[in-house]
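Below is one structure; the comments refer to it alone.
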Amino acid sequence: ADHNISLESMGVTVNAVAGALKAFFADLPDPLVPYSLHQELLETSKIVDKTERLHELKEIVKKFHPVNYDVFKYIITHLNRVSQQYKTNFMTADNLSICFWPTLMRPDFENREFLSTTKIHQSVIETFIQQCQFFF
């Protein structure tokens, strides 16, 4: 709540903050991106026309619970800002989506069928990061 706290002056590393954030999302009872929308996200990602795909993804995001929507908007917007500094931090939208999609979507890695769609899930999160101004 206190925006004047400097984690850097406290010696907290970026990796520690990212790890804590990922742990927070992992401990939520349900993933930030609801399981009920995963299949719809997968189907939408197959739409060839980019404009149509983006509009459909935007409609899916509108189905999030309001709290999930607000948190998702905040984290995706932040990840977009991080990706804009990729020349310094080497964290492109692709790299960030690889790191964060399992945390935001919390997949069932025990399900063999799921393993074939991991790249698609990652690309959906990458699209949200890259196009966050369109979605939000």
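None of these values were measured; they are calculated from a predicted model.
For the atom pair OG of S97 and CG of L104, the computed distance is 10.0 Å after rounding to the nearest 0.5 Å. Rounded to the nearest 0.5 Å, atoms CZ (F128) and CD1 (I75) are 14.0 Å apart.
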Where do H38 and M105 land on the side chain to side chain contact (heavy atoms under 4.5 Å, CB included) test, with the steps shown first?
CA-CA 8 Å; H38 284 203; M105 298 183 82; 3.7 Å; yes
Report the C-alpha distance between F25 and F100 in whole Å, list the side-chain angles of each, state the deciding distance to 0.1 Å, and finish with yes or no for ring-ring contact (aromatic ring centres under 6.0 Å, His included).
CA-CA 10 Å; F25 285 118; F100 278 92; 7.9 Å; no
Taking it one step at a time, do K73 and Y69 satisfy side chain to side chain contact (heavy atoms under 4.5 Å, CB included)?
CA-CA 6 Å; K73 176 183 174 181; Y69 177 89; 4.3 Å; yes
Side chain to side chain contact (heavy atoms under 4.5 Å, CB included) for E56 and E40? Distances and angles first, verdict last.
CA-CA 9 Å; E56 289 297 320; E40 201 170 342; 5.9 Å; no
Under the criterion side chain to side chain contact (heavy atoms under 4.5 Å, CB included), I'd like the reasoning laid out for N80 against Q133: C-alpha separation, chi angles, the key distance, then a yes or no.
CA-CA 9 Å; N80 175 271; Q133 290 83 4; 3.4 Å; yes
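Using a 4.5 Å heavy-atom threshold, the side chains of N95 and Y86 count as separate.
Remark: the backbone N or O of S45 is not paired with any side-chain donor or acceptor of R53 at under 3.5 angstrom. For N89 (side chain) and V82 (main-chain N/O), a donor-acceptor pair under 3.5 Å exists by modelled atom type. R106 places a side-chain N or O within 3.5 Å of a backbone atom of L28 that can act as its donor or acceptor partner. At distances below 3.5 Å, not a single donor-acceptor pair connects side-chain atoms of R81 with backbone N or O atoms of I76.
Side-chain atoms of D94 and Q130 form no donor-acceptor pair, as typed in the model, at a separation below 3.5 Å.
By the 4.0 Å N-to-carboxylate-O rule, E59 lies close enough to K62 to be salt-bridged with it.
W101 and F24 fall within a single hydrophobic cluster, where Ile, Leu, Val, Met, Phe, Trp and Tyr are joined by side-chain heavy atoms under 4.5 Å apart, directly or via other members. Following chains of ILVMFWY side-chain contacts shorter than 4.5 Å, one cannot reach V124 starting from I47, and the two form parts of different hydrophobic clusters.
Relative to the six-membered ring of F134, K58 meets both conditions, a distance below 6.0 Å and an angle of at most 45° to the axis.
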